[in-house]
2 protein chains.
Amino acid sequence: MQGDASMTTKNATIKDVAREAKVSVASVSRVLNGLGGVTPATQKIVREVAARLNYIPDNAARSLITGRTHTIGAVLPDLYGEFFSELIRGIDLAARARGLHLLVSSSHDGVEDAAVAVRAMRGRVDGMLILSEYVDAAFLEENLPEKLPAVLLDSPVKSARYPVLNIDNRDGAIAMVRHLVEAGHQHIAFISGPKTNFDAQQREKGYRAAMAKHAPAATLIVVDGDFTEDSGYRAGCELLSKKPRPQAVFAANDMMAIGCLYAFKEAGIDVPGDIALAGFDDILIARYVTPPLSTVQVRIADLGRIALERLAAMLNPADKTPASVETLGCDIVIRKSCGAKADAPAAPRKPRKSPRPLPT
Amino acid sequence: MQGDASMTTKNATIKDVAREAKVSVASVSRVLNGLGGVTPATQKIVREVAARLNYIPDNAARSLITGRTHTIGAVLPDLYGEFFSELIRGIDLAARARGLHLLVSSSHDGVEDAAVAVRAMRGRVDGMLILSEYVDAAFLEENLPEKLPAVLLDSPVKSARYPVLNIDNRDGAIAMVRHLVEAGHQHIAFISGPKTNFDAQQREKGYRAAMAKHAPAATLIVVDGDFTEDSGYRAGCELLSKKPRPQAVFAANDMMAIGCLYAFKEAGIDVPGDIALAGFDDILIARYVTPPLSTVQVRIADLGRIALERLAAMLNPADKTPASVETLGCDIVIRKSCGAKADAPAAPRKPRKSPRPLPT
DNA sequence: GGCGCAAACGTAAACGTTTTCATGGAAGCT
DNA sequence: AGCTTCCATGAAAACGTTTACGTTTGCGCC
């Protein structure tokens, strides 16, 4: 009982357990880590004492000596919205399945900011998942601790050292354009994303490539957007004023498509009757607008999961998989807005887990 | 130059810097931590050498000696959906503003699972934000390392030791019911959430209290739901079959309200013409369905921010603010679905940041 | 009973920092 | 010049683990 009394002030350490159990710290360590080489009787004692003292090993000390933290760091540009929610979920699930913890770091306003974020990870993580427009090969060489494994997400860099995992934006855009053409549309306008955005670039490339192939006669119409609903609205207004009004509009993301949709509604233009509409991302809202929005689905949680799995593989020193650029395909999901015979009801009500508006 | 060559194998430590700069490790530490008491000349040397060797302090070692990690742990039940996206965002923003890192841990299937998650934080974090249905006062006493500050979110526990930050679900529900009554509805049905969910309980209590006060003559109709869209749909169907059809339906969350909305649409019931509808949470989708959904808004990011700020205050040993149960108010946001004169356009297009469907 | 061997266990070094304390020297004062 | 004061610096302890290595113990075998 006096042991309990003396414990109220500080956390028990391995030494306390050793003393109380009348064994050495080494034995305590062995027992608690299941290394064997210790008598069942002693094991019992040690476990009992550890439980009684409520001993919890200190991870800092453990990390210091082993060089392992069982934590991976995720460097993300911003935690806003569905994309990151899904990404983190995918990462976290996969991490947790491997007993890894997740340290997130977000909102880097510039390359300098990103550098401190990455550097701050030293001694905190075993590997990193990086999604940032600011990092390139030189950046990593400069700021990443020696030999720290890292996987790059959605990045244009090609490195012999770090695997890259990209979304196949180009292919997804091509598939959607092809579908629109097959649905009878030739004059398909495109609402582009931010010029500096890698995804946006790829999507526009896909649009252009597909148009060249499937609708070579059509005049290309590209109006600028910046991924916001507002810019989509403005783009929609602009498109309505075009001489030959486009038959279809393909927006580089769903939010712009939705903005565009409201511009059309306001103008009394029927979608898909007067004009077809498609987006990109398949955000949750897409299926709830009227009409439901056809779009390109990116399996974001999968992206996170695969990235983490790749990283986890690198954590194993035996792993010799060469760094490569992998690509995760997209699926087009056809709803009412593009005018094709939709294969989904207006309100798909298949048992779908709620987006958990509030915790259970 | 030979220094560079010798560095290729291991990361530079403070000793390397000290040796190379011909000073002691103590001085290097002082310089790099800005403690003063060191000549500008020496500072210059040290900084130069540190930069040249690309020295990055090891956080594990630092934490071990200082007892500080500059990291806070967030224990969350699940990372699914908008709620957690927003919550994490709020936490992360506030944390980052204070130079704190964020370690997230999620998806605990049971009390045992939650216990290992919490215990795994020892030596990794300076404090914890906990949102879990499994933790109560006894749990904390058992699993939380001695003297580790923690803030509980959305929890029924009253502890003299740990501050609790709740959403004022009850008050929000009351406000919405009052609004519905003022809009002329008396017979207001309620779709409840999971019985074990704290938020759901509070919302139902609010509904009952407000009905008793503002519509004492009305017969209470409560049908079960579980926060999923699907359960909302079923509830909607059930409500339509009630003898005196309710004039309004108040769902314990938005997803159920939306499911309900589709049930009504399917049955040819006009919302809000034939029946009014309201939800809770103000998820992003709420404003995009037709008609836009009236709902109760919880400022989730604020919840995260405030929780972190409270926790940050506790990190300061001088802080003696007593642990208390705080409550974060909700605002009702009136759109078309409840039949009142909506004060917002169908598609509010005020410059609103895109939910960042894909990263910039 | 002595020998060897393996299993159980303990000792101590190591991990990379921060921080206390001692030391030396320069500067200021009388 | 002699004294004190103060400041820059270095040596070493400490943080709580893991683990390589050495020591003891128990046991079977000749």
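Everything numeric in this text was worked out from a predicted model, so none of it was measured.
Look at CZ on Arg122(A): it is 8 Å from C1' on dG16(C), rounded to the nearest Å. Rounded to whole Å, atom C1' of dC15(C) lies 14 Å from atom CD1 of Ile14(B). Atom pair Asp58(B):CG and dT17(D):P shows a separation of 17 Å (rounding to whole Å applied). Distance CZ (Arg68(B)) to P (dT17(C)): 20 Å, rounded to an integer number of Å. One interatomic measurement links the two molecules: NZ of Lys15(A) to C1' of dT11(C), which rounds to 12 Å at whole-angstrom precision. For the pair Asn11(A) CG and dG16(D) P, the interatomic distance rounds to 9 Å; values are reported in whole Å. Look at CG on Leu64(A): it is 13 Å from P on dA14(C), rounded to the nearest Å. Rounded to whole angstrom, the span from the NZ atom of Lys22(A) across to the C1' atom of dT11(C) amounts to 19 Å.
OP1 or OP2 of dT18(D) lies within a sub-4.0 Å distance of a side-chain N or O belonging to Asn33(A). Contact check, Arg62(B) against dG16(C): no side-chain N or O comes under 4.0 Å of OP1 or OP2. Within the 4.0 Å cut-off from OP1 or OP2 of dT18(D), not a single side-chain nitrogen or oxygen of Thr66(A) is found.
Here the nucleotide nearest the side chain of Val23(B), chosen from dT11(C), dT18(C), dG10(D), is dG10(D). Proximity note for Val25(B) (side chain, C-beta onward) versus dT18(C), dA20(D), dT20(C): the nearest is dT18(C). Proximity note for Ile65(B) (side chain, C-beta onward) versus dT18(D), dT17(C), dG10(D): the nearest is dT17(C). Of the listed nucleotides (dT17(D), dT11(C), dT9(D)), dT11(C) has the atom at the smallest distance from the side chain of Ser24(A). Nearest to the side-chain atoms of Ala61(B) among the listed nucleotides dA12(D), dT17(D), dG16(C) stands dG16(C). Distance from the side chain of Thr39(A) is smallest to dC9(C) among dG10(D), dT19(C), dC9(C). The side chain of Thr42(A) sits closest to dC9(C) out of dC9(C), dT17(D), dA12(D). Side-chain proximity of Ser27(A) to the nucleotides dT17(D), dT19(C), dC9(C) is greatest for dC9(C).
Comparing Pro57(B) and Arg30(B) against DNA chain C, the residue whose closest nucleotide sits nearer the 5' end is Pro57(B).
Within the 4.0 angstrom heavy-atom criterion, no nucleotide atom of any strand lies near Ser63(B). Within the 4.0 angstrom heavy-atom criterion, only backbone atoms of the sugar-phosphate kind lie near Ile56(A); the bases stay farther away. Using a 4.0 Å heavy-atom criterion, one finds that Ser29(A) contacts the bases of the nucleic acid, with or without backbone contacts as well.
The nearest pair of heavy atoms linking Leu100(B) to Ile72(B) is CD1-CG2, 4.0 Å. Nearest heavy-atom pair across Thr69(B) and Arg124(B) is OG1-O, 3.2 Å.
Of the charged side-chain nitrogens involved, at least one lies within less than 4.0 Å of a carboxylate oxygen, so that Arg19(B) and Asp16(B) count as a salt-bridged pair. Salt bridge absent: Arg89(A) and Asp92(A) never bring a charged side-chain N and a carboxylate O closer than 4.0 Å.
Of the inter-residue distances, the one linking Glu141(A) atom CD with Asp136(A) atom CG reads 10.5 Å to the nearest 0.5 angstrom.
Under 3.5 Å, the side chains of Arg122(B) and Asn143(B) contain no donor-acceptor pair of N or O atoms.
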